[in-house]
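Notes follow the structure.
One is the number of the first residue; the rest follow in order along the sequence. The figures that follow rest on heavy atoms only: side chains count, while hydrogens, waters and symmetry mates do not.
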Amino acid sequence: MNSEHPDHEGHENASSPQRRLRRSFQVWLMKVLVLLISVFWCLAISIRYTVRDSSSLISTLIFYMSPLILLSLGAFVLFILCWKVQWRRIAGIWLLLSILTGIGCWKIQFRNDVNESRVTKQAPSMKRVLFWNIGDRLWGMEHVINEIRQLDPDLIGMVEAGADSDEMKQFWKQTFPDHPYQVVQNGFAFLSRLPIEETSAGRLADMGHYLRFRLQPEQSGSQSPCVFLVDIYSKVMKSRKEALDELAVQASRLNQQPVLVLGDFNTPGDSVHFEPLRKHFHNSLEVAGEGYLATWPLPVPVLDLDGIWTNEFIELSRAENRWTWVSDHRPVFVEMYFKSQHEK
């Protein structure tokens, strides 16, 4: 037994330097990782609070890749890594940054602005509006139908809704017979209980397209409401500026009547390219929103790409992004009413 003991000690002494070397190499790699992530984090937060997506392609991509919720999570990861490599003071800084960005995310991305008094007061004339990108469905179409029926909206706008075939048109008519006014065109589906007086279509530069509907006013002498149904393409390497500028021009021409803009903009709501639209329109979730604003990608959404925008002739009572597991986009739902001219 004693003769084996020196051999065992020799084996431990030989392997111990190897373990120490392996451990040192792991720590070195971790420190390099901390430095790389730190540089990207600092660059991302600087872009988010300065140029955003108004500058080069690289800064735009970084802006899209780094919403505040991911920056908060990234700072927390850096806190853990710094703690592991014994950089305790730096770890404390990253923990503080994680908390601060988390608070910023909470204030911007979480809303609770429902106005119950307006809901009660205007209940007889209240309209329910739904927008939904149903293209990349996680479940079958029957789940889409069940969600829509549960909400019972008066106006339903959908993008990536399938082919413009007679079969699909018949499908929507049979599925929603209480929405007699329907337009299925260019991958859009618009179903309405209110009569549609006029339909037109247009391009948004080379980055998207829209359908525009003029609805019949509920009262004689009042302005005809208009609805834009918008789909902006998700081309990563191209700017959304021209498309959103064109949308703002088209929608602002109708600023003397109620206008709804329903769309998958494939652009975060805090993009600088929404500024022309913001001159006459408001994001419904920012005005009367309830819950978490991000809509994509499910099951863990981090970007608010979809929305319903309204002008001053529309009063919002409630807005929310619904939690479903049907599509990779969350549906956007609002309750609102059209103001009369003297209420403007």
If the test is side chain to side chain contact (heavy atoms under 4.5 Å, CB included), which one of [options] qualifies with [X]?
| X | options | value |
| --- | --- | --- |
| W94 | I37, L78, V77 | L78 |
| S192 | L155, I156, V129, V183 | L155 |
| F265 | V230, D304, L305 | V230 |

Hey, what do you get for [atom1] ([X]) to [atom2] ([Y]), rounding to the nearest 0.5 Å?
| X | Y | atom1 | atom2 | result |
| --- | --- | --- | --- | --- |
| S224 | L215 | OG | CG | 8.0 Å |
| Q182 | K173 | CD | NZ | 5.0 Å |
| E160 | M158 | CD | CE | 12.5 Å |
| C82 | I93 | SG | CD1 | 9.0 Å |
| F313 | H280 | CZ | NE2 | 11.5 Å |
| H329 | N133 | NE2 | CG | 4.0 Å |

Cluster link [X] to [Y], ILVMFWY, side chain under 4.5 Å:
| X | Y | answer |
| --- | --- | --- |
| V261 | F274 | yes |
| V51 | F40 | yes |
| L293 | I108 | no |
| L151 | L229 | no |
| I103 | L71 | yes |

Side-chain donor or acceptor of [X] paired with backbone N/O of [Y] under 3.5 Å:
| X | Y | answer |
| --- | --- | --- |
| S271 | P268 | no |
| S284 | W309 | no |
| T101 | L97 | yes |
| S46 | A44 | no |
| D53 | V272 | yes |
| N186 | F188 | no |
| S59 | S56 | yes |
| R330 | R322 | yes |
| D154 | R128 | yes |
| S66 | I62 | yes |

Taking the side chain as every heavy atom from C-beta outward, state whether [X] and [Y] have any pair of such atoms under 4.5 Å apart.
| X | Y | answer |
| --- | --- | --- |
| K238 | M207 | yes |
| S72 | C105 | no |
| I69 | L73 | no |
| T50 | F63 | no |
| L316 | V334 | yes |
| F281 | T310 | no |
| I45 | W41 | yes |
| I148 | P153 | yes |

For this session: With side-chain contact (heavy atoms from CB on, under 4.5 Å) as the test, would you mind laying out the steps for Y210 and D231 before giving the verdict?
Result: CA-CA 6 Å; Y210 68 87; D231 187 14; over 6 Å; no
Problem set entry | Verdict with supporting geometry, E275 and R52, salt bridge (charged side-chain N to carboxylate O under 4.0 Å, His left out) | CA-CA 12 Å; E275 290 177 2; R52 290 184 280 174; 3.3 Å; yes
Shortest non-hydrogen contact between [X] and [Y], atoms and distance:
| X | Y | result |
| --- | --- | --- |
| A161 | A189 | CB-CB, 3.8 Å |
| M336 | F338 | CE-CE2, 3.5 Å |
| V326 | G140 | CG1-O, 4.4 Å |
| S55 | T60 | O-OG1, 4.2 Å |

In terms of the angle between their ring planes, are [X] and [Y] parallel, tilted or perpendicular, with boundaries placed at 30° and 60°?
| X | Y | answer |
| --- | --- | --- |
| F79 | F76 | tilted |
| F176 | W172 | parallel |
| Y292 | W323 | parallel |
| H209 | Y233 | tilted |

Exercise. Just checking, is any N or O donor in the side chain of T295 or D306 under 3.5 Å from an acceptor N or O on the other one?
Worked result: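 Per modelled atom types, T295 and D306 side chains form a pair under 3.5 Å.
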Problem set entry | Any side-chain donor near an acceptor of the partner, R20 and S24, under 3.5 Å |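 No.
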Ion pair present between [X] and [Y], side-chain N to carboxylate O less than 4.0 angstrom?
| X | Y | result |
| --- | --- | --- |
| E286 | R278 | yes |
| D270 | R48 | yes |
| E218 | K127 | yes |

Problem set entry | Residues, nucleotides or ligands: over 12 heavy atoms within 6.0 Å of K169 NZ |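 Result for NZ/K169: enclosed.
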For this session: Please step through side-chain contact (heavy atoms from CB on, under 4.5 Å) for the pair M65 and L70, ending with a clear verdict.
Result: CA-CA 8 Å; M65 291 167 55; L70 292 185; over 6 Å; no
For this session: Using the side-chain contact (heavy atoms from CB on, under 4.5 Å) rule, take L100 and L96 through it: C-alpha gap first, then chi angles, then the decisive distance, then the call.
Result: CA-CA 6 Å; L100 291 175; L96 178 61; 4.1 Å; yes
Exercise. So, is the end of the R88 side chain (NZ or CZ) under 6.0 Å from the ring centre of W83 and within 45° of the ring's axis?
Worked result: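 That pair qualifies as a cation-pi contact.
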Problem set entry | Nonpolar side-chain network containing V249, other nodes, edges under 4.5 Å |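 So far as hydrophobic clustering goes, V249 is joined with none.
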For this session: Step through it carefully: locate the ring centre of F190, locate the ring centre of F213, and say whether they are under 6.0 Å apart.
Result: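 Aromatic pair counts; centres sit under 6.0 Å.
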Exercise. Between F333 and W132, does the ring centre distance come in under 6.0 Å?
Worked result: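 Ring-ring flag for F333/W132: false, centres at least 6.0 Å apart.
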For this session: Starting from the C-alpha separation in whole Å, work towards a yes-or-no answer on salt bridge (charged side-chain N to carboxylate O under 4.0 Å, His left out) for R193 and D152.
Result: CA-CA 11 Å; R193 289 194 175 110; D152 191 30; 2.4 Å; yes
Problem set entry | Residues R318, E320; criterion salt bridge (charged side-chain N to carboxylate O under 4.0 Å, His left out); working and verdict | CA-CA 7 Å; R318 183 166 71 94; E320 67 169 322; 2.8 Å; yes
For this session: Report the C-alpha separation of M141 and F171 in whole Å, then their side-chain angles, then the decisive distance to 0.1 Å, and conclude whether the side-chain contact (heavy atoms from CB on, under 4.5 Å) test is met.
Result: CA-CA 11 Å; M141 183 64 82; F171 167 80; 3.7 Å; yes
